[in-house]
Peer 1: 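The structure is given below, and queries will be raised subsequently.
Note that this is a predicted model, so its numbers are computed, not measured. Chain letters run A, B, ... following the sequence lines, proteins first, then strands; residues in each count from 1.
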Amino acid sequence: MSTTTLPQRTLARTNGWATAQVVINVLTAGAMATLMWASLLYAKDAANLAGVEQTAQRIFYIHIGCNVGAVLAFLVSLIGSIAYLITRKLDWDRVTQASIEVGTICALGTTLSGSLWAKPTWNTYWTWDPRLTSITITLLIYIAYLLFRNGIDNRQTRARFGSIYALIAFLSVPLTYFSARWFRSIHPVIMNGSNPDAQGGFGVGETMGHTLLVATVAFSLLFCSLMFQRWRQLRLEDRIEEIREEIE
Amino acid sequence: MAESLISVSNLYKRYGSKNVLKGVNLDVAEGQVMALLGPNGAGKTTLMRIVAGLARPNRGDVTLGGVSLGKAGTELRRYIGLVSHLPLLYDNLSGWENLAFFARMYDMQTPEPRIEAVLHAVDLWQRRRDAVRTYSRGMLQRLSIARAILHNPPVLLLDEPDTGLDQTSSQMLHSLIRQLGASNRAILLSTHNLDRALEWADSICLLRDGKIAYQASAATLTGASLRQLYAEASAS
Amino acid sequence: MSVLLQTEPNNNALVAPPSLENQPVQMHTGGGVGAYLRKVGAIADKDLRAEIRAKEVFSTMTVFSVLAVVIFGMAFDLRVAFPTSVVPGVLWAVMLFTGVLGLNRSFGAEVDRGSLAALLLAPVDRSAIYFGKLLANLFFLLATQCITLPAILVIFNVNIFQTWILVSLLLGTVGYVTVGTLFAALSASVRARESMLPILLLPVMLPVFMAGTKITGLVLDGKGLNDIQRWLGILIAYDLIFLVVAFLVFDLIWEEL
């Protein structure tokens, strides 16, 4: 690898990705702006709710959005860790790390927005609802994963141990969900099914349905954009480390 | 007798992005003792660990008696004995219990006479019932050698076995190495003591910065010439 | 030499490497399931033997668990009218927190003294090391519970010596050491492993904790097998899933020490 071609090649590669990044960033910004408009102005008030509950219901769009991001992160990091253990390509490990970092923010957003919404609706910040429990446990696993990686010096070992942990830990999340489901649940089931104990439920009208769709798309894009950015950054970090070692 | 028991070809190893081994080739024949020399960080321990199967090379291969380490299963590990600078023993068990445990790990049949023999060979028979945590540094090292030769492996890897040994233990180690090397076995030995390397080994291999800087038969070298080579290797 | 270095697992074929002192060493190669189980047993036996000598793990675990029971007792005594309403939580929380102490030592001691390398050098499947350690950890935890349960009986005056509670405790402990032994191996060579293990382990143990407290609570309320069977199902599913997965991934941990 001669010294003149290396930076040029890196630059060429970065440019292609930088373009992709700009495109996805613009799309994300547009989608997020649309979501703000739709959730605050376009969507009609929930008909069967009143007062504070009616206003607070609008948190729902952000809440669902963050949740979409956290679940995406969960799936992508599961794919990333399995793919790393099979292929041993560090790029897959970076996928896992990047999506878990973004997922941590999303899961935090879900929990916080859920708490804010829960207070006026259920009159409590916290309840042992299966979805709430699962997302919070997922958040704790994300944080444990990031702390754990931090403690391992060897790059390959870090990738391998991180992937093993992510794989095992995520397998427990469905079990946590089903266990928590058998505790009494008061979470409104919005999309389908019916929960006789649910409190604060509301019918989804046409404008609400549209807004929900916008939220899902916008937060999916937001996740992709942030993850992609972070993934490239992690790649560069590793490259810098390599070059530093080569110079020494 | 010239058949090579340990054969290392074109070995590369990176830790993170640090290249520790950069293309090492060496062969140790049956009945031969080879001494690995080199300053700290030259890659001696890494090389030992790869030959022992405790680390994987990024490139290149190690074959033991013609069988590739990368492709072989767990059974090939029977042919390796390792003495490292850590004792690799259980503190709370006695000397005898330690060896009995490893005998079970190697599926040895009727291990008792063999354990007795190796304990006598390293002069620890009297202390066999004492917990290893009460042993001195020299005794630990001797028991660690007993553990490595317990299953009578044709390939012996001794990573700085002489550090912290007193005069008696060191002489015992020397005679053991002579004795073991005489039968059809290959011994790879790393040390910092140049005189000892010349005295104990048949051939000398000088490692520097992940590459072999010099390799020769011990008979062709004197203490002074080896010292000069070593100084050159350490300086650059 | 080529004859000697045959690596096909010929069951029970005897191999005698060249002898130094004219004393051939007879080893079974391959060996199949019998040899595998013998090694699992040898590793567990070695851990128990070392523990009987040193009494490091068991003593700290029992003292810690009794202390925890006493502290919970004080914490709840002031406000809780019916001890049966807190005992399930106390029992399982003490079990989770105490186990970490033992699990930390399980591989920690091997890494510190380098003896792990000697284990990995031996012709032993990595999974045999895992199951051996798992058995030893299971034994330590169950032995500790033999002290914790009477302590709970004394402090809270609640009889938890009931068949299904004990069954759930056994199933829960199996699940706990299944994941715990694996994570202990992962965290053993990591910086700050003592504090890392509980952070890794506890979120994953939540299904066991929920099922365990629920079973204990239902049994204390006088409910029968019908009411607790779905929770027993969760515990059994947890044990089976993670035993299989741990068996599959354990080989990957020590590719490189």
Side-chain angles (χ1 to χ4, degrees), chain B residues 3 5 30 49 52-56 64-67 71-82 84-94 97-98 100-102 104-111 113-114 117 121 131 133 144 147-154 179-180 182-185, chain C residues 1-10 12 14-31 34-35 38-39 41-43 45-47 49-56 109-110 112-126 128-129 254-257:
Chain B
E3 196 187 341
L5 250 184
E30 267 185 52
R49 295 174 69 82
L54 288 175
R56 286 184 175 184
L64 300 178
V67 181
K71 297 188 187 84
T74 52
E75 288 304 306
L76 191 60
R77 296 197 210 125
R78 283 177 202 287
Y79 300 94
I80 303 166
L82 172 78
S84 116
H85 28 243
L86 283 172
L88 314 191
L89 294 162
Y90 295 100
D91 281 354
N92 293 322
L93 300 180
S94 68
E97 283 172 325
N98 263 290
F101 169 68
F102 285 106
R104 286 171 83 181
M105 288 292 104
Y106 284 90
D107 313 277
M108 283 170 62
Q109 305 224 293
T110 55
R114 176 67 187 175
R133 107 177 81 79
S144 158
R147 195 212 66 239
I149 62 172
L150 177 69
H151 55 294
N152 209 357
Q179 208 183 342
L180 292 164
S183 54
N184 40 359
R185 212 179 293 258
Chain C
M1 277 318 297
S2 51
V3 182
L4 274 173
L5 290 174
Q6 274 180 343
T7 53
E8 303 87 30
N10 311 330
N12 299 328
L14 289 176
V15 171
S19 160
L20 154 72
E21 304 92 352
N22 295 322
Q23 182 196 32
V25 171
Q26 308 271 302
M27 293 189 280
H28 282 295
T29 58
R38 269 200 302 280
K39 287 173 189 176
I43 291 167
D45 174 59
K46 181 265 301 170
D47 272 10
R49 220 177 259 268
E51 176 55 26
I52 288 167
R53 297 288 148 70
K55 300 172 191 71
E56 282 164 355
E110 302 256 3
D112 290 345
R113 297 296 287 170
S115 48
L116 185 60
L119 266 186
L120 299 181
L121 271 171
V124 186
D125 258 11
R126 306 300 199 231
I129 301 177
W254 287 312
E255 279 174 358
E256 175 113 33
L257 190 63

Peer 1: Under the ring-ring contact (aromatic ring centres under 6.0 Å, His included) test, which residues partner Y90(B), sequence neighbours left out?
Peer 2: F101(B)
Peer 1: Heavy-atom distances under 4.5 Å only: say whether N98(B) touches chain C with side chain, backbone, both or neither.
Peer 2: neither
Peer 1: Could you walk me through whether R53(C) and E97(B) pass the side chain to side chain contact (heavy atoms under 4.5 Å, CB included) check?
Peer 2: CA-CA 12 Å; R53(C) 297 288 148 70; E97(B) 283 172 325; 2.6 Å; yes
Peer 1: Consider only side-chain N and O atoms of R49(C) and N92(B), and report whether a donor and an acceptor are under 3.5 Å apart.
Peer 2: no
Peer 1: Which bit of E56(C) is near chain B, if near means a heavy-atom gap under 4.5 Å: side chain, backbone, both or neither?
Peer 2: side chain
Peer 1: Answer with side chain, backbone, both or neither: which region of I43(C) has an atom nearer than 4.5 Å to a non-hydrogen atom of chain B?
Peer 2: both
Peer 1: Please name all residues satisfying side chain to side chain donor-acceptor pair (under 3.5 Å) with D125(C), sequence neighbours left out, ordered by chain then number.
Peer 2: none
Peer 1: Would you say R78(B)'s side chain and N152(B)'s backbone share a donor-acceptor pair under 3.5 angstrom?
Peer 2: no
Peer 1: Under a 4.5 Å cutoff for heavy-atom pairs, which residue among A50(C), A42(C), A128(C) has the most contacts with chain B?
Peer 2: A42(C)
Peer 1: If you tally heavy-atom pairs under 4.5 Å against chain C, which of R77(B), R56(B), R147(B) wins?
Peer 2: R77(B)
Peer 1: Using non-hydrogen atoms only, which part of L93(B) is less than 4.5 Å away from chain C: side chain, backbone, both, or neither?
Peer 2: both
